[in-house]
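Worksheet: one structure, shown below.
All of these numbers come straight from a predicted model, not from anything done at the bench.
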Amino acid sequence: MGQRPSARSAPRIEDHGLIGNLRTAALVDRHGSVDWMCLPRFDSAAVFANLLGSEEHGMWTFGPVGLGGTTPEVNRQRYLDGTLVLESTWLTPAGTVQILDFMPVGDETAQLVRIARGISGCVPMRSLLRARPGYGRTVPQVVAEGVRARVDLGDGRLWLDAPVPVHTENGDLTAEFNLAEGKTIAFSLSWQPGTDVPPVPDASRLLGKTQAFWRDWISQSTYTGPDREAVERSLITLKALQYEPTGAFVAAPTTSLPEEIGGVRNWDYRFCWLRDSALIVETLLGCGYVEEARRWIGWLQRVVDDRPENLQIMYGVGGERELTEMELDWLPGFAESAPVRIGNAAAGQLQIDVYGEVVDVLFKAQRHDPTLAPAVGALVASLVASLEAIFDQPDMGIWEIRGPRRHFVHSKIMAWVAFDRAIQLVSAGHTDGPVERWRQIRDELHREVCKRGYDPVRNTFTQSYGSQELDAALLHIVTSGFLPPDDQRITGTVEAIQRELSTQGGFLLRYPTEGTEHGVDGLPGDEGAFLICMGWLVVALAAIGRTEEAEIFKHQLLQIRNHLGLLAEEWDADAGRQLGNFAQGFSHISIILAVLAAYATLSTAGSRRNVVIPS
């Protein structure tokens with residue numbers, strides 16, 4: 001076996017950068033190791049699965065050789081401005097080197113390019129590529145012929161092109177070289193289906209093309225206010241979650257990164273949730289990106305395919321409906337957090353709120369682009385017609401619990417949103433529908449929620465009918481139009497959620513988990529604070545006039561981003577670390593929501609209160 005990379009301290013999810021090509025993505029850690037990459041799609045089997053196991057499950061280390069033959073941690077890691085090109089810099093006793101990592105956009109052949117630059121001195125370098133197909137389960141056949149090598153994946157091949165000789169040993173591909181000041185050396189890894197031989201990549205041309213793509217894309221953002229750099233990094237991250245061939249968005253490019261270290265709340269997020277993607281599209285629309293909305297609406301039309309009564313809450317990026325959940329028992333999981341799961345059984349759940357999120361973003365899309373109105377109107381009418389048959393049923397809710405169904409208040413409010421927006425589209429002449437019946441259902445839903453989902457003693461809406469628990473998703477009520485922001489029930493709900501669901505630093509839990517199998521979600525253990533809830537809280541505080549507090553919580557959210565401006569799904573306030581899948585679309589929506597809400601209210605005259613951040 002080839003020489004090992006450096007011994008590492010306990011891993012942290014946030015010690016990674018994201019690169020991608022709008023078809024798949026890779027995570028690169030602070031030692032220059034590609035720890036995760038699936039080929040050719042986000043939801044394909046991983047060929048590098050060190051993230052969820054060990055070095056034996058696949059990785060590609062590339063960097064200077066330190067003491068004892070190890071790869072030291074980088075001294076600086078950043079993105080080139082306005083791009084998804086990752087720059088890592090090492091300051092070693094022998095000299096300084098930089099590596100640029102990126103995945104070119106716009107080619108069906110997935111590629112990962114690593115360009116090493118000698119800044120000073122002459123530094124010994126090593127590349128160790130250990131591809132392990134099938135999520136680390138298989139040692140493949142490898143062949144090296146001078147400066148080109150190949151790896152047989154079964155359903156395709158990896159081709160490694162290097163300017164120095166590459167050697168094979170026990171399924172590994174290794175190369176060692178010295179990098180002198182002023183010299184540049186590029187390694188390129190290409191995936192090709194079948195046995196076709198791809199051309200040797202031109203790394204310099206691909207770097208220029210990749211930088212130009214991302215800088216052109218981010219230049220279209222209409223946001224020019226404070227914290228612009230944070231917004232742009234989150235916009236680029238959201239764009240990187242799009243599967244370009246169809247327009248779908250994945251929730252995150254990873255699976256089974258734990259919501260509790262050592263726990264079992266480990267799920268596969270490499271699919272297109274209608275809710276998540278609708279909220280991504282809404283966020284992109286708010287920053288001027290209409291084309292992404294058009295592409296996603298086209299994808300949605302294809303997956304609905306005149307069968308809205310069979311709507312699923314998530315699909316594969318190509319519109320696949322079968323997302324069978326299974327466990328990979330040969331992988332120990334990130335930081336020994338098992339099981340590692342692929343697929344997602346939640347695809348078969350009833351989640352009524354999805355109709356509201358989807359219909360709401362369709363309604364907003366046609367406002368941004370009136371040419372979308374005919375397609376949007378027909379789609380909304382069919383979705384709401386299907387909603388008529390199920391809106392009064394209990395469901396699994398926005399957090400897709402794995403316990404008994406309940407009448408979740410958030411689900412009912414979002415059903416109200418769906419009927420309300422459909423009525424507006426009919427009234428504007430953009431679609432046809434039984435508007436009087438929909439109006440009757442909408443108004444009855446409103447009365448029912450206010451009666452059965454509201455606790456007058458505590459002055460707050462509750463998680464479900466008849467329950468005492470709270471749910472951070474109820475913050476959606478502030479901007480849904482269900483009640484005006486100055487309604488005392490709105491203020492009471494915001495204050496109750498802060499009081500009962502806050503953790504250290506003011507971050508919010510989704511709901512109480514109790515740490516037992518008898519909690520609302522039917523799962524053992526606990527989880528961190530859910531980061532999109534902080535964005536919702538900032539929006540809610542701004543809406544009810546608490547602008548100073550909104551600004552402070554926005555700052556809290558920005559402070560916990562990693563060194564590259566990225567966020568996972570959750571935050572462990574006690575340990576000061578990120579949890580859950582990474583990089584997470586919901587969390588980057590949260591950043592943009594928080595910044596835009598705080599900016600919009602900078603000059604707003606409203607009540608100012610003394611702010612106490614919970615400890």
Side-chain angles (χ1 to χ4, degrees), residues 259-260 263-265 267 275 346 349-354 356-357 392-416 445-446 448-478 480 482-483 487-537 540-541 569-574 579-580 586 614:
E259 298 172 20
E260 178 185 30
V264 301
R265 296 168 180 258
W267 314 107
R275 175 192 306 108
Q349 288 189 353
L350 175 63
Q351 298 176 18
I352 292 171
D353 72 288
V354 165
E357 280 111 5
D392 57 351
Q393 296 180 23
D395 72 338
M396 281 83 164
I398 183 174
W399 308 127
E400 49 202 39
I401 63 166
R402 300 208 173 190
R405 291 185 183 186
R406 302 181 184 219
H407 287 284
F408 286 102
V409 172
H410 173 261
S411 293
K412 303 302 183 186
I413 291 171
M414 296 313 294
W416 178 93
L445 263 172
H446 196 282
E448 180 182 280
V449 168
C450 291
K451 179 179 180 180
R452 301 181 62 191
Y454 174 70
D455 181 347
V457 175
R458 293 154 68 210
N459 185 29
T460 181
F461 287 94
T462 59
Q463 184 178 55
S464 60
Y465 288 171
S467 72
Q468 293 296 306
E469 289 80 15
L470 297 181
D471 191 320
L474 293 169
L475 293 169
H476 257 142
I477 200 172
V478 182
S480 66
F482 187 83
L483 289 171
D487 190 289
Q488 56 90 18
R489 290 167 291 184
I490 291 285
T491 304
T493 300
V494 174
E495 293 176 344
I497 287 172
Q498 282 190 278
R499 186 171 58 247
E500 299 187 28
L501 296 181
S502 287
T503 66
Q504 184 179 8
F507 296 95
L508 297 179
L509 300 173
R510 295 186 289 180
Y511 50 82
T513 54
E514 287 109 22
T516 73
E517 292 184 331
H518 305 294
V520 66
D521 58 22
L523 295 166
D526 293 301
E527 61 182 22
F530 210 74
L531 292 177
I532 196 170
C533 300
M534 187 63 122
W536 293 341
L537 177 61
L541 290 170
E569 182 178 37
E570 300 182 4
W571 175 250
D572 182 338
D574 293 329
L579 296 171
F586 259 6

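With rounding to the nearest 0.5 angstrom, the CG atom of Asp395 is 9.0 Å from the NE2 atom of His407. Residue Arg402 holds its CZ atom at 7.0 Å from CD of Glu400, rounded to the nearest 0.5 Å. The OG1 atom of Thr493 sits 11.5 Å away from the CG atom of Asp471 when rounded to the nearest 0.5 Å. Put simply, CH2 on Trp571 and CG on Leu531 are 8.5 Å apart, with the number rounded to the nearest 0.5 Å. Note: Ile477 CD1 to Trp416 CH2 = 9.5 Å, rounded to the nearest 0.5 Å. Annotation: the span from Ile401 atom CD1 to Ile398 atom CD1 amounts to 12.5 Å, rounded to 0.5 Å.
The ring pair (Phe, Tyr, Trp, His ring centres under 6.0 Å) test applied to His476 returns His410, Trp536, not counting sequence neighbours. Ala529 meets the side-chain contact (heavy atoms from CB on, under 4.5 Å) test with Thr503, Phe507; sequence neighbours excluded. Residues that satisfy the ring pair (Phe, Tyr, Trp, His ring centres under 6.0 Å) test with Phe530, not counting sequence neighbours, are Trp399.
Between Arg510 and Glu259 there is a salt bridge, since at least one side-chain N of the basic residue sits less than 4.0 Å from a carboxylate O of the acidic one. Electrostatic pairing of Glu357 and Arg275 counts as a salt bridge here, judged by a charged N lying under 4.0 Å from a carboxylate O.
Taking every heavy atom of both residues into account, Lys412 and Gln393 meet most closely at NZ-O, 3.1 Å. Between Ala472 and Leu501, the shortest heavy-atom distance links the atoms N-CD1, 3.6 Å. Summarising the geometry of Asp572 relative to Leu579, their closest heavy-atom pair is CB-CD1, 3.7 Å, with the distance given to 0.1 Å. Taking all atoms of both residues into account, the shortest heavy-atom contact from Val478 to Ala540 is CG2-CB, 3.8 Å. Residue Ile352 comes nearest to Ser411 through the heavy atom pair CG2-O, 4.0 Å, listed as atom of the first residue, atom of the second, then distance. Pairing each heavy atom of Pro512 with each of Glu469, the nearest pair is CG-CG, 4.3 Å.
A distance-only check finds a donor-acceptor pair linking the side chain of Asn459 to the backbone of Gln488 [under 3.5 Å]. Using a distance-only test at 3.5 Å, with no hydrogens or angles considered, a donor-acceptor pair links the side chain of Ser467 to the main chain of Ser464. Although no hydrogens or angles enter the test, the distance criterion places a donor-acceptor pair under 3.5 Å between the side chain of Glu570 and the main chain of Gly528. For the pair Thr462 (side chain) and Leu470 (backbone), a donor-acceptor distance under 3.5 Å is absent.
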In sequence, state the C-alpha distance, the side-chain angles, and the governing distance for Tyr454 and Val409, and then conclude on side-chain contact (heavy atoms from CB on, under 4.5 Å). CA-CA 9 Å; Tyr454 174 70; Val409 172; over 6 Å; no

Go through the steps for Gln498 and Leu541 under the test side-chain contact (heavy atoms from CB on, under 4.5 Å), then give the verdict. CA-CA 11 Å; Gln498 282 190 278; Leu541 290 170; 3.8 Å; yes

I'd like to know whether Tyr511 forms a side-chain contact (heavy atoms from CB on, under 4.5 Å) with Cys533, so could you lay out the CA-CA distance, the side-chain angles of the two residues, the decisive distance to 0.1 Å, and finally the verdict. CA-CA 11 Å; Tyr511 50 82; Cys533 300; over 6 Å; no

With side-chain contact (heavy atoms from CB on, under 4.5 Å) as the criterion, how do Tyr465 and Arg406 come out once you've worked through the C-alpha distance, each side chain's angles and the decisive distance to 0.1 Å? CA-CA 8 Å; Tyr465 288 171; Arg406 302 181 184 219; over 6 Å; no

For Glu527 and Arg265, what are the C-alpha separation, side-chain angles and deciding distance, and is it a salt bridge (Lys or Arg N to Asp or Glu O under 4.0 Å)? CA-CA 8 Å; Glu527 61 182 22; Arg265 296 168 180 258; 3.6 Å; yes

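The shortest side-chain heavy-atom distance between Leu483 and His446 falls under the 4.5 Å cut-off.
In summary, of the residues considered (Arg458, Lys451, Arg452), a salt bridge (Lys or Arg N to Asp or Glu O under 4.0 Å) with Asp455 occurs for Arg458 alone. Checked options Leu475, Leu509, Leu537; the residue passing with Ile497 is Leu475 (criterion: side chain to side chain contact (heavy atoms under 4.5 Å, CB included)).
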